[in-house]
Peer 1: 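Sending over a structure as C-alpha cells; questions will come in a sec.
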Amino acid sequence: MFFVLSAVSAVIMAVIEICFFCRKRNFGSCLKIVVKNILAVMLCSLAVQKHVMHYKHFIDTDAYGTMNFVKFFIMSLAVGLALQFIFALINRFITFEEADKPKKKGALAVKIVSVIVFFLGLAAYYGTVWGKGSFGDVTGDQLIINLMSPTTGTERGVYIEAFEGPVFHTFLFTVLFAIFDFSKFKLVYHGLKQNKKIFGDLAKRLICLVIAIAMLIGGVHYGWTEFQLRQVFNAYFIDSELLDEVYVAPEDTKITFPEQKRNLIHIYLESLENSYLSKDLGGYMDENLMPELTELTQQEGIVFSDTDNFFGGPMKGTGTQWSIASMVNQTTGLPMKAPGINNDYGSPGNFLPGAYTLNDLLTDNGYVQTVMFGADARFGGLRYYYETHGDVLVYDYQYAIENGIIPSDYRVWWGFEDDKLYELAKEEITRLYETGKPFNFTMETADTHKPGGYIGPNTPTPYENSYANAIAYSTAQCVEFINWIKQQPFYENTTIVIIGDHVSMETDFFDFYNFSDDYLRTQYNCILNPAPSVENPSKSVTNNRVWCNWDMYPTILAAMGCTVEGERLGVGTNLFSGKDTIFEEYGVDFTNAEFEKVSDLYNEKILAGYTELEEEQRKENHAKWYEMNTPDE
C-alpha cells in the first residue's frame with residue numbers, strides 16, 4: 001500500500017513538472033520525468049517513513065490503519081513538492097533574486113512584531129518542555145511562586161540545563177526565523193512564455209506573521225495545558241470561600257503541652273517517595289532502594305498510608321509539591337498559594353506574616369530552635385520564612401562559611417553535601433540539648449535533588465542509574481543518623497518525624513525505569529518515638545487515609561504529646577485523632593480546585609499580615625491563650 005501511495009504522489013509530481021518545468025513535451029521526455037519522479041519520490045518517502053515517522057515496515061502493512069496511510073500520503077506529497085522545488089532551483093525554472101524595496105512604511109514594523117511574537121511562542125513552548133522534563137507535574141501556583149521567589153543559592157546544574165535547553169533552542173530558532181524574515185529576496189518563475197514573481201516581500205511578511213502567531217498560540221496553549229495555567233487564572237480572578245470556612249486559626253486554638261515538653265527532630269528527606277520501595281511493599285522497583293530505612297520504619301515507625309499497605313503517603317494538594325511549600329504546609333497547616341497583589345514571599349519579614357506557625361508556637365513555649373540546610377537558605381525564600389516566624393537559627397551554607405565552620409571556598413553540590421550536613425547536625429543537636437531547654441531541630445537533605453542526585457566519594461554505586469545510587473546512600477545515611485540519636489541522653493524524650501518533602505522531580509529516573517502513569521507516587525513518611533499518648537494507633541487511624549502535607553501540623557504536635565482542641569489547625573487535621581481530614585470530608589479534587597482560587601482570608605490576612613489595631617487584638621487574644629495553656633506552677 002505504501003508503494004502505491006508513493007507512486008500516486010510521484011505521478012502527481014510528474015504532471016506538475018510536465019506542466020510547469022518541461023521545455024520539451026514529447027513522449028520520451030514525459031516518460032523520463034514520470035520514471036524519475038516515481039523513483040525519487042518513492043525512495044525518499046519510504047526513507048522518511050522509516051527514519052522520521054518511525055514506521056517499522058513498509059512491505060508488511062497489515063499492522064497499519066487508515067490514518068497511517070493518510071499520514072504517509074500527505075508526507076509523500078510534501079516530499080514530492082520539496083523535490084520539485086529543488087529541481088526547479090537547479091534547472092533555474094525558479095530563481096532567488098533581490099526583492100523590490102517595500103512600498104509601505106509599516107513593513108519593517110510587521111517584521112519586528114513577527115520576530116517578537118515568534119520568540120514569545122518559542123519561549124512558551126520550550127520553557128514548558130524543559131519545565132515538564134525537569135520538574136514533572138509543575139502546577140501554575142508553583143510556577144508563579146518560583147518566578148517571584150529568590151533564586152540565590154541554586155545549584156549550577158539547574159542553570160546549565162536551562163541554558164542548554166530552552167534558552168539555547170529559543171534563541172537559535174528565533175535567529176533563524178529573523179534571518180528569513182529580514183532577508184531581501186523574491187522567487188521568480190521563469191516560465192515557457194514569460195517570467196513571473198511567485199513569492200515576494202509582502203508574501204514573506206504575511207507568512208512570517210502567520211507562523212509567528214501560530215507559534216505563540218501553540219506555545220501558550222501547550223503551556224496552559226501542561227502547566228495547568230488555569231490555576232493561575234483562578235488564583236487571581238475566581239473566588240472561593242472553602243479555605244476561609246474551614247480554616248482554624250492556631251493562635252486562637254487551645255493547645256496544651258505535656259508537663260515535660262518533648263523535643264522534636266523534623267527531617268525532610270529531599271524527594272523521598274514510596275515508589276523507591278520494592279513492589280511487594282507497594283513500591284515500583286524490582287529491588288528495594290532503601291532497605292535500611294524500610295527495616296527501621298517497619299520495626300519502630302508509625303506511617304500514615306493512603307492504602308491498606310503499611311507504606312503509603314499523602315495525596316498531592318494545591319501548593320504542596322516543592323520544598324519550601326512542603327515546609328510551609330507542615331508548619332502552618334496551609335497550602336502555599338500564588339501570592340495576591342502587593343504580597344511577596346521573597347523579602348525579609350514578609351513571608352506569610354499573618355500565619356501562626358509551628359515555630360511561632362514552639363518559641364512561645366520556651367523551645368530553642370534550629371533549621372539546617374546544606375544549601376543557601378535564601379533560595380526560594382526559606383531564610384525569610386524561618387526568620388519571620390519564631391526565634392529560629394537558620395544554619396545554612398552561608399552561615400557555615402560566615403562562622404568559619406567550612407572554608408570560604410568550599411562548594412559541593414548545592415553548598416555542602418549530606419555527609420557534612422549530618423556531621424554538623426549532630427554537633428548542633430548536642431548544642432541545643434545542652435541549653436537545658438526543649439528543642440526543635442529541623443533539617444533538609446539535598447543529595448537526592450535533581451539533576452541526577454549527588455554521587456560523592458563515599459557513595460556506593462551498585463545500580464546502573466545514578467539517581468538510584470543517590471537514593472540508596474541517602475536513606476542509609478538517614479538511618480545511621482537515627483541510630484546516633486538513639487544513643488543520646490535526650491532520645492527518650494524526643495519525637496522524630498521523617499518525611500519526603502515532595503515527590504521527586506527527577507523525570508529521567510522515572511523514564512529509565514519505565515514508570516506507569518497509572519502508578520500513584522506518594523511521599524514517604526514516618527514518625528519515630530512518639531509520645532505515649534499516641535503510641536500504637538489502630539490500623540483504622542493509620543491506613544486508607546486521604547490526607548495532605550498540611551495535616552502534619554496538628555499531627556506533629558500530637559506526636560509530641562500535645563492536645564489540640566478540635567483536632568484541627570489551619571486546614572490540617574490531627575491524623576492520630578481519626579477525625580476526617582479536609583480531603584476525606586470534601587474530596588481531593590474538589591478541595592484542590594477550591595484551594596487554588598482566591599481566598600480573602602489568605603490574601604488579606606495570611607499573606608499581607610495584620611493592621612496595627614488587628615495585631616494588638618491578636619496579641620491580647622494570644623496573651624489570654626497563653627495564660628489558658630500554661631499549667632499552674
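Everything quoted here is computed from the prediction, not taken from an experiment. Both backbone and side-chain heavy atoms feed into the values below; hydrogens, waters and symmetry mates do not. Along the sequence shown, the residues carry numbers beginning at 1.
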Peer 1: Side-chain donor-acceptor contacts of residues 420-427 below 3.5 Å, not counting sequence neighbours, with atom names and distances?
Peer 2:
from   : atom 1 : to     : atom 2 : distance (Å)
Lys426 : NZ     : Glu480 : OE2    : 3.2

Peer 1: State, without any angle test, whether Asn529 and Thr495 hold a side-chain donor-acceptor pair at a distance under 3.5 Å.
Peer 2: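 No donor-acceptor contact under 3.5 Å links the two side chains.
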Peer 1: Regarding Arg521 and Ser275, do their side chains bring together a donor and an acceptor under 3.5 Å, going by distance alone?
Peer 2: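 Absent: no donor and acceptor within the cut-off.
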Peer 1: Consider only side-chain N and O atoms of Thr331 and Tyr385, and report whether a donor and an acceptor are under 3.5 Å apart.
Peer 2: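 Result is yes, a qualifying pair exists.
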Peer 1: Between Ser326 and Tyr268, is the side chain to side chain contact (heavy atoms under 4.5 Å, CB included) condition met? List the steps.
Peer 2: CA-CA 9 Å; Ser326 181; Tyr268 294 93; 4.2 Å; yes
Peer 1: Evaluate the ring-ring contact (aromatic ring centres under 6.0 Å, His included) criterion for residues Trp550 and Phe583: first the C-alpha distance (whole Å), next the side-chain angles of each, then the deciding distance (0.1 Å), finally the verdict.
Peer 2: CA-CA 11 Å; Trp550 49 65; Phe583 273 175; 5.5 Å; yes
Peer 1: Determine whether the side chains of Asn288 and Ser278 contain a donor N or O and an acceptor N or O closer than 3.5 Å.
Peer 2: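 Note: Asn288 and Ser278 side chains miss the donor-acceptor criterion.
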Peer 1: Hydrogens and angles aside, do His389 and Asn359 bring a side-chain donor and acceptor to less than 3.5 Å of each other?
Peer 2: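 Side chains of His389 and Asn359: no pair found under 3.5 Å.
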Peer 1: Going by atom types alone, do Tyr473 and Thr448 pair a side-chain donor with an acceptor below 3.5 Å?
Peer 2: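 Tyr473 vs Thr448: no donor-acceptor pair found between side chains.
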Peer 1: Passes side-chain hydrogen bond (donor to acceptor under 3.5 Å, both in side chains), Thr370 versus Glu428? Steps please.
Peer 2: CA-CA 8 Å; Thr370 295; Glu428 180 60 16; 2.8 Å; yes
Peer 1: For residues Asn469 and Ser466, is any side-chain donor paired with an opposing acceptor at under 3.5 Å?
Peer 2: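 Judged by distance alone, the side chains do not pair up.
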Peer 1: If we ignore angles and hydrogens, is there a donor and acceptor under 3.5 Å between the side chains of His502 and Glu273?
Peer 2: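 Per modelled atom types, His502 and Glu273 side chains form no pair under 3.5 Å.
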Peer 1: I'd like to know whether Ser474 forms a side-chain hydrogen bond (donor to acceptor under 3.5 Å, both in side chains) with Tyr454, so could you lay out the CA-CA distance, the side-chain angles of the two residues, the decisive distance to 0.1 Å, and finally the verdict.
Peer 2: CA-CA 10 Å; Ser474 176; Tyr454 172 70; over 6 Å; no
Peer 1: Between the side chains of Thr581 and Asp551, does any donor sit under 3.5 Å from an acceptor?
Peer 2: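 No, no side-chain donor-acceptor contact under 3.5 Å.
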Peer 1: List the steps and the verdict of side chain to side chain contact (heavy atoms under 4.5 Å, CB included) for Arg262 and Phe257.
Peer 2: CA-CA 9 Å; Arg262 295 181 66 82; Phe257 281 75; over 6 Å; no
Peer 1: Can you confirm whether the side chains of Glu506 and His449 place a donor and an acceptor under 3.5 Å from each other?
Peer 2: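 Short answer, no.
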Peer 1: When you compare the side chains of Glu594 and Tyr586, does any donor N or O come within less than 3.5 Å of an acceptor on the partner?
Peer 2: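 Per modelled atom types, Glu594 and Tyr586 side chains form no pair under 3.5 Å.
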Peer 1: Just checking Lys279: does its NZ atom have more than 12 heavy atoms from other residues, nucleotides or ligands closer to it than 6.0 angstrom?
Peer 2: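 Atom NZ in Lys279 is crowded, with more than 12 foreign heavy atoms closer than 6.0 Å.
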Peer 1: Is the centre of the Phe490 ring less than 6.0 Å from the centre of the Phe439 ring?
Peer 2: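 Yes, close enough.
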Peer 1: Verify ring-ring contact (aromatic ring centres under 6.0 Å, His included) between Phe515 and Tyr284, making sure each step is shown before the conclusion.
Peer 2: CA-CA 8 Å; Phe515 268 62; Tyr284 200 81; 4.1 Å; yes
Peer 1: For Phe373, run the side chain to side chain contact (heavy atoms under 4.5 Å, CB included) check against Phe416, Tyr386, Trp414 and tell me which one passes.
Peer 2: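 Option passing the side chain to side chain contact (heavy atoms under 4.5 Å, CB included) with Phe373: Tyr386.
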Peer 1: Is the distance from the ring center of Tyr356 to that of Tyr553 below 6.0 Å?
Peer 2: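 Centroid distance Tyr356-Tyr553: not below 6.0 Å, so no.
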Peer 1: Side chains of Gln477 and Glu292: do they bring a donor and an acceptor to under 3.5 Å?
Peer 2: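 Judged by distance alone, the side chains do not pair up.
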Peer 1: With no hydrogens and no angle check, just 3.5 Å: does a side-chain donor-acceptor pair link Asp419 and Asn458?
Peer 2: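 Yes, because at least one side-chain N or O of Asp419 sits under 3.5 Å from a partner of the opposite role on Asn458.
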Peer 1: Could you tell me if Gln298 and Thr294 have a donor-acceptor pair between their side chains, going purely by distance under 3.5 Å?
Peer 2: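 No - no donor-acceptor pair under 3.5 Å links their side chains.
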Peer 1: Quick one: do the Gln369 and Thr363 side chains pair a donor with an acceptor below 3.5 Å?
Peer 2: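 Yes, Thr363 and Gln369 have a side-chain donor paired with an acceptor closer than 3.5 Å.
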Peer 1: Could you give me the CA-CA distance, side-chain angles and deciding distance for Ile255 and Leu361, then say whether side chain to side chain contact (heavy atoms under 4.5 Å, CB included) is met?
Peer 2: CA-CA 9 Å; Ile255 303 171; Leu361 174 65; 3.9 Å; yes
Peer 1: Would Tyr276 and Phe509 count as a ring-ring contact (aromatic ring centres under 6.0 Å, His included) if you check the C-alpha gap in whole Å, the side-chain angles of each, and the deciding distance to 0.1 Å?
Peer 2: CA-CA 11 Å; Tyr276 308 152; Phe509 171 81; 5.7 Å; yes
Peer 1: Keeping to residues at least two apart or across chains, list the side-chain hydrogen bond (donor to acceptor under 3.5 Å, both in side chains) pairs with something in residues 393-403.
Peer 2: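 Found Arg383-Asp396.
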